[in-house]
Amino acid sequence: MKAIRRFTVRSVLPDNLKPLANLAQNLRWSWHRPTRDFFASLDPQVWDEVGHDPVAFLGSVSTEKLAELSANPDIVNQAQELDCGLSDYLSKPLWFESEFNNADKPKAIAYFSAEFGITAVLPQYSGGLGILAGDHLKSASDLGVPIIGVGLLYQAGYFRQSLTREGWQRESYPVIDPDNLPLSLLRQQDGSPAYVSIPLPDRRTLWAQIWVAKVGRIPLLLLDSDVAKNDEATRLVTDRLYGGSKDHRMEQELLLGVGGVKALRLFSELTGAPTPEVYHCNEGHAGFMAVERIRELMNGEERLDFGTAIEAVRSGTLFTTHTPVPAGIDRFDRGLAQRYLSAIEIPGVTTDQILSLGAESYEGGDPNVFNMAVFGLRMARMANGVAKLHGKVSRGMFHSLWPNFDVTEVPITSITNGVHGSTWTDGRLAELARGHQDPGEHVNTYRWVRPASEGGVSDEELWQLRRDLRLQLVKDARRRVKASWLERGASPAELAWCDEILDPDTLTIGFARRVPTYKRLTLMINDPERLAAILTNKDRPVQIIVAGKSHPDDEQGVSLIQQLVHFADQHGVRDRIAFLPNYDMDMAQILMPGVDVWLNNPLRPLEASGTSGMKCALNGALNLSILDGWWDELYDGRNGWAIPTADGVDDPVRRDQIEAAGLYDLIENTVAPRFYDRDENGVPRHWMEMVRHTLATLGPQVQAQRMVSEYVEKLYTPVAASSRRLNALGHSDTRSLADYKARVRSAWPQISVNHVVSEVGDTATVGDEASFFADVQLGNLRPEDVEVQVVFGRVTPDDTISSFQTLPMNCVGEENGLFKYQLVTTLKQAGPYGYLVRVVPHNDMMAGFTELGLATNAERASDSPEVHFNFGS
């Protein structure tokens with residue numbers, strides 16, 4: 001029988017144990033080991049039964065047990081000390097308040113994301129995007145950065161993965177009970193739930209209540225459509241992460257964006273939290289927040305016009321793209337987008353005007369599509385990718401939005417992702433570090449990895465710890481494989497072999513991530529016989545532990561899992577390779593510290609960043625990876641290995657064969673020999689040298705605290721400054737900027753560069769002066785509206801300018817309607833150089849001259865032979 005309703009009955013805590021409730025409700029416990037260890041010590045059996053969830057734990061401990069605990073003064077004192085420690089953490093000045101001194105720093109930042117991976121207890125994530133968002137909030141809390149997170153509360157999260165007897169992925173969707181999670185419902189002053197609503201087509205309304213998770217100092221607002229005010233279909237809008245039809249996804253993204261802004265306003269009204277100055281759109285799913293902010297500004301007291309409202313919204317928006325391939329972008333049919341957006345009434349604005357902001361109105365674009373990434377970029381003051389290589393890929397991917405500029409000038413910067421050290425560093429490693437640190441020294445300094453002769457950790461200690469972590473992983477993997485086979489229909493009598501698989505003294509490689517095709521889960525079995533020989537080598541055996549989920553609608557990804565599982569099921573290798581179902585944060589926190597090597601073999605350059613290898617590096621594991629994502633910039637030859645790539649090979653089958661062969665060669669001839677090369681004490685000294693180097697060099701660089709501080713310094717603060725300026729004094733500057741842009745767009749077709757001359761010969765000498773002259777037609781614009789530039793740099797044999805600098809020319813007069821421009825510069829380096837002259841918009845209220853995407857270049861004319869010249873030393 002199924003219950004028609006569920007509810008939770010909780011024990012009443014004795015007064016002297018009230019601090020336990022406070023500790024359980026703040027998710028800081030998910031990265032504060034002393035708090036977790038304390039809860040585990042109260043009743044280890046119940047703690048394991050509830051999946052290490054403090055809220056569920058307090059709801060499961062008997063009244064008698066609570067009475068026993070409350071009579072124990074040591075327990076009571078420890079609970080109070082931890083509660084005081086939490087209060088101190090929440091109130092003391094941290095980096096943002098005490099060390100980051102910048103008058104423009106934001107008062108509050110709203111961080112929108114479709115998923116957040118804070119803890120396995122709150123399964124609101126599918127993969128790297130969500131884990132990154134969770135680590136972003138945790139690190140912001142540790143730094144004191146005033147962020148407010150905004151997301152959705154999915155009734156069934158992503159999905160629970162199991163396997164069929166034949167090795168196919170099987171999905172199930174356990175329902176989450178928010179009343180039994182570390183969440184609280186946002187309520188009105190009278191105690192009733194607070195709701196937001198958004199209009200839907202056919203005069204329907206989508207209502208959502210707001211759950212608040214405390215992520216240390218950071219409030220995370222999660223919107224939930226499963227409320228009685230909705231009809232049955234609308235209640236299911238937040239049923240699953242990344243599930244359903246295009247209509248379903250559209251409704252989810254409208255709730256996240258439009259509803260998220262409304263939730264922020266309601267949260268500020270009810271709690272006194274500051275109104276955000278910066279709105280960070282983490283991927284395009286939340287892009288519709290711009291629509292609601294435009295509506296607010298046009299309907300509210302400001303009564304802004306559409307163009308001015310756009311500029312006001314843009315001034316405070318940051319867009320982060322995580323997508324290295326066009327197929328990964330949300331693109332909605334224009335008709336579908338029009339139907340939903342037409343329900344959001346903004347007086348004086350047509351739906352077509354909103355749709356134009358996300359239109360692929362560029363060469364090669366599809367006019368029948370509304371592109372969420374294009375919308376996000378057009379509505380953002382600044383934009384970034386998540387690794388240096390990904391920034392470069394993104395500039396090429398979105399170059400069509402800035403067609404008149406060189407791809408290097410596309411205004412998308414990059415901040416390389418990081419991971420939250422306290423979440424992903426194993427507690428035993430942190431304890432070992434603290435034993436070799438100076439008093440008060442933070443574990444993330446990594447000075448503890450200096451040689452033992454200098455007070456650091458010895459090879460023997462570190463090697464033994466690495467062995468302990470590997471043993472922990474082996475035990476966990478055995479348990480999971482056995483449980484998986486029981487779910488697959490095997491009987492306990494035929495599973496004794498599961499207790500003997502893997503070996504705590506064997507070189508262990510890990511591979512775990514989402515399973516889209518470009519991450520190439522099955523590259524390792526490209527040559528099954530060769531891999532089997534590597535795994536079963538008598539002198540240098542290797543074992544591989546694999547995990548990952550594929551989106552249920554991704555038939556290719558699901559097939560890759562089945563192929564891998566089929567290989568792992570074979571009798572000859574099943575004790576050396578294991579697939580662990582239902583990859584989640586709990587598994588990752590054992591898997592990543594326990595492996596010796598982390599394998600990553602995406603199809604370059606399709607990995608935006610990747611962070612799993614960073615988590616391994618924090619624990620002393622070495623990376624074996626394609627030079628893609630973050631590894632492309634942080635690999636230094638001593639912290640792991642780079643798998644050779646077959647760049648330029650167009651045949652995907654042949655490319656996989658070449659790169660798989662390179663992978664096998666590395667494992668056989670370099671990785672395994674180095675791991676098994678032991679001295680008389682059984683310690684692989686060369687291997688340990690690489691482990692130390694990894695901890696000392698990668699440890700600080702892969703921290704999410706480094707990432708968040710870069711966001712604050714390079715993006716949040718300048719965006720906040722522009723928002724403050726453009727939205728001050730009744731939006732007078734915003735109106736001025738909107739008027740300027742409208743005027744420039746209208747007048748731009750009249751712009752031309754009529755004549756260009758340079759006074760430098762075909763061959764010049766370093767130190768010579770070069771003079772450039774240009775006559776420019778500006779039409780209805782004035783010189784102060786534009787900048788005339790000389791783009792000057794080295795040229796290739798086909799006259800392509802590379803590695804250039806942009807030099808502004810001076811307006812020196814006007815004659816017959818033409819403005820005269822001049823530049824004199826000194827030639828500083830030898831080699832073949834060329835130049836062109838162009839006109840771009842100029843306004844100091846813009847983020848840069850590329851903002852409008854407009855540029856007019858001088859045509860290469862027969863009377864201007866000087867566009868290409870050489871000069872020597």
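Just so it is clear, the values below take in all heavy atoms, side chains as well, and ignore hydrogens, waters and symmetry mates.
Environment of CD in E363: sparse, with no more than 12 heavy atoms of neighbouring residues, nucleotides or ligands closer than 6.0 Å. Enclosure of atom CG in D650 is not indicated, since only 12 or fewer non-hydrogen atoms of other residues, nucleotides or ligands lie within 6.0 angstrom. Around atom CZ of R450, more than 12 heavy atoms belonging to other residues, nucleotides or ligands sit under 6.0 Å away.
Summarising the geometry of P106 relative to V278, their closest heavy-atom pair is CB-CG2, 4.1 Å, with the distance given to 0.1 Å. The minimum heavy-atom distance linking S400 with P403 is given by the pair O-CD, 3.3 Å. The nearest pair of heavy atoms linking T416 to A387 is OG1-CA, 3.6 Å. S771 and V824 make their closest contact through OG-CG2, 3.6 Å (heavy atoms, listed as atom of the first residue, atom of the second, distance).
Under a 3.5 Å cut-off, the side chain of S722 and the backbone N or O of S315 do form a donor-acceptor pair. When atom types are taken as modelled, the side chain of T694 and the backbone of M690 share a donor-acceptor pair closer than 3.5 angstrom. The main-chain N or O of T796 is never found under 3.5 Å from a side-chain atom of T800 such that the two would form a donor-acceptor pair. Using modelled atom types, no side-chain atom of N282 and backbone atom of H322 make a donor-acceptor pair closer than 3.5 Å. Between the side chain of S723 and the backbone N or O of V719, no donor-acceptor pair lies under 3.5 Å. The backbone N or O of V419 sits nowhere less than 3.5 Å from a side-chain atom of D135 that would complete a donor-acceptor pair. Although no hydrogens or angles enter the test, the distance criterion places no donor-acceptor pair under 3.5 Å between the side chain of N810 and the main chain of V812. Side-chain atoms of N623 come within 3.5 Å of backbone N or O of G613 as a donor-acceptor pair.
Within the structure, the salt bridge (charged side-chain N to carboxylate O under 4.0 Å, His left out) test picks out the following pairs touching residues 687-702 (sequence neighbours left out): D459-R692. Sorted by first and then second residue, the salt bridge (charged side-chain N to carboxylate O under 4.0 Å, His left out) pairs with a member in residues 373-400 form an empty list; sequence neighbours excluded. Residue pairs meeting the salt bridge (charged side-chain N to carboxylate O under 4.0 Å, His left out) criterion with at least one member in residues 620-646, sequence neighbours excluded, are R604-D632. Applying the ring-ring contact (aromatic ring centres under 6.0 Å, His included) test to pairs two or more places apart or on separate chains, those with a residue in residues 691-716 are H136-Y711, H280-Y711, H280-Y716, Y711-Y716.
Look at E99 and K105 and you find no salt bridge, because none of the NZ, NE, NH1 or NH2 atoms lies under 4.0 Å from a carboxylate O. Between R725 and D844, at least one side-chain nitrogen of the basic residue sits less than 4.0 Å from a carboxylate oxygen of the acidic one, meeting the salt-bridge criterion. Using a 4.0 Å cut-off between a side-chain N of Lys or Arg and a carboxylate O of Asp or Glu, R724 and E277 qualify as a salt bridge.
Applying the side-chain contact (heavy atoms from CB on, under 4.5 Å) test between V671 and each of L663, I509, D665, V597 identifies V597 as the sole match.
For the ring-ring contact (aromatic ring centres under 6.0 Å, His included) test, no residue two or more places apart in sequence or in another chain qualifies with Y518. Remark: W687 pairs with W641, F675 by the ring-ring contact (aromatic ring centres under 6.0 Å, His included) rule, at least two apart or across chains. Residues passing the ring-ring contact (aromatic ring centres under 6.0 Å, His included) test with W598: none are found, sequence neighbours excluded. Scanning for salt bridge (charged side-chain N to carboxylate O under 4.0 Å, His left out) contacts around E787 gives an empty result, with sequence neighbours left out. Judged as a salt bridge (charged side-chain N to carboxylate O under 4.0 Å, His left out), and not counting sequence neighbours, the contacts of R706 are E710. A search for side-chain hydrogen bond (donor to acceptor under 3.5 Å, both in side chains) contacts involving E659 returns R520, R655, not counting sequence neighbours. Residues meeting the salt bridge (charged side-chain N to carboxylate O under 4.0 Å, His left out) test with R743, sequence neighbours left out: D785. A search for salt bridge (charged side-chain N to carboxylate O under 4.0 Å, His left out) contacts involving E851 returns R314, K741, not counting sequence neighbours.
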With side chain to side chain donor-acceptor pair (under 3.5 Å) as the test, would you mind laying out the steps for N600 and R513 before giving the verdict? CA-CA 9 Å; N600 185 38; R513 51 189 46 88; 3.3 Å; yes

Kindly determine whether R514 and E607 satisfy salt bridge (charged side-chain N to carboxylate O under 4.0 Å, His left out), including the steps that lead there. CA-CA 12 Å; R514 288 186 307 109; E607 180 80 89; over 6 Å; no

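Side-chain N/O atoms of Y835 and S758 include a donor and acceptor closer than 3.5 Å. With 3.5 Å as the limit, one finds a donor-acceptor pair spanning the side chains of E360 and N371. Neither side chain, S113 nor E283, offers a donor N or O lying under 3.5 Å from an acceptor on the other. Using modelled atom types, one finds a donor on one side chain and an acceptor on the other under 3.5 Å when comparing W748 with T856. T320 and N384 share a side-chain donor-acceptor pair at under 3.5 Å.
Aromatic ring centroids of F804 and F792 lie 6.0 Å or more apart. You'll find the ring centres of Y821 and F773 outside the 6.0 Å limit.
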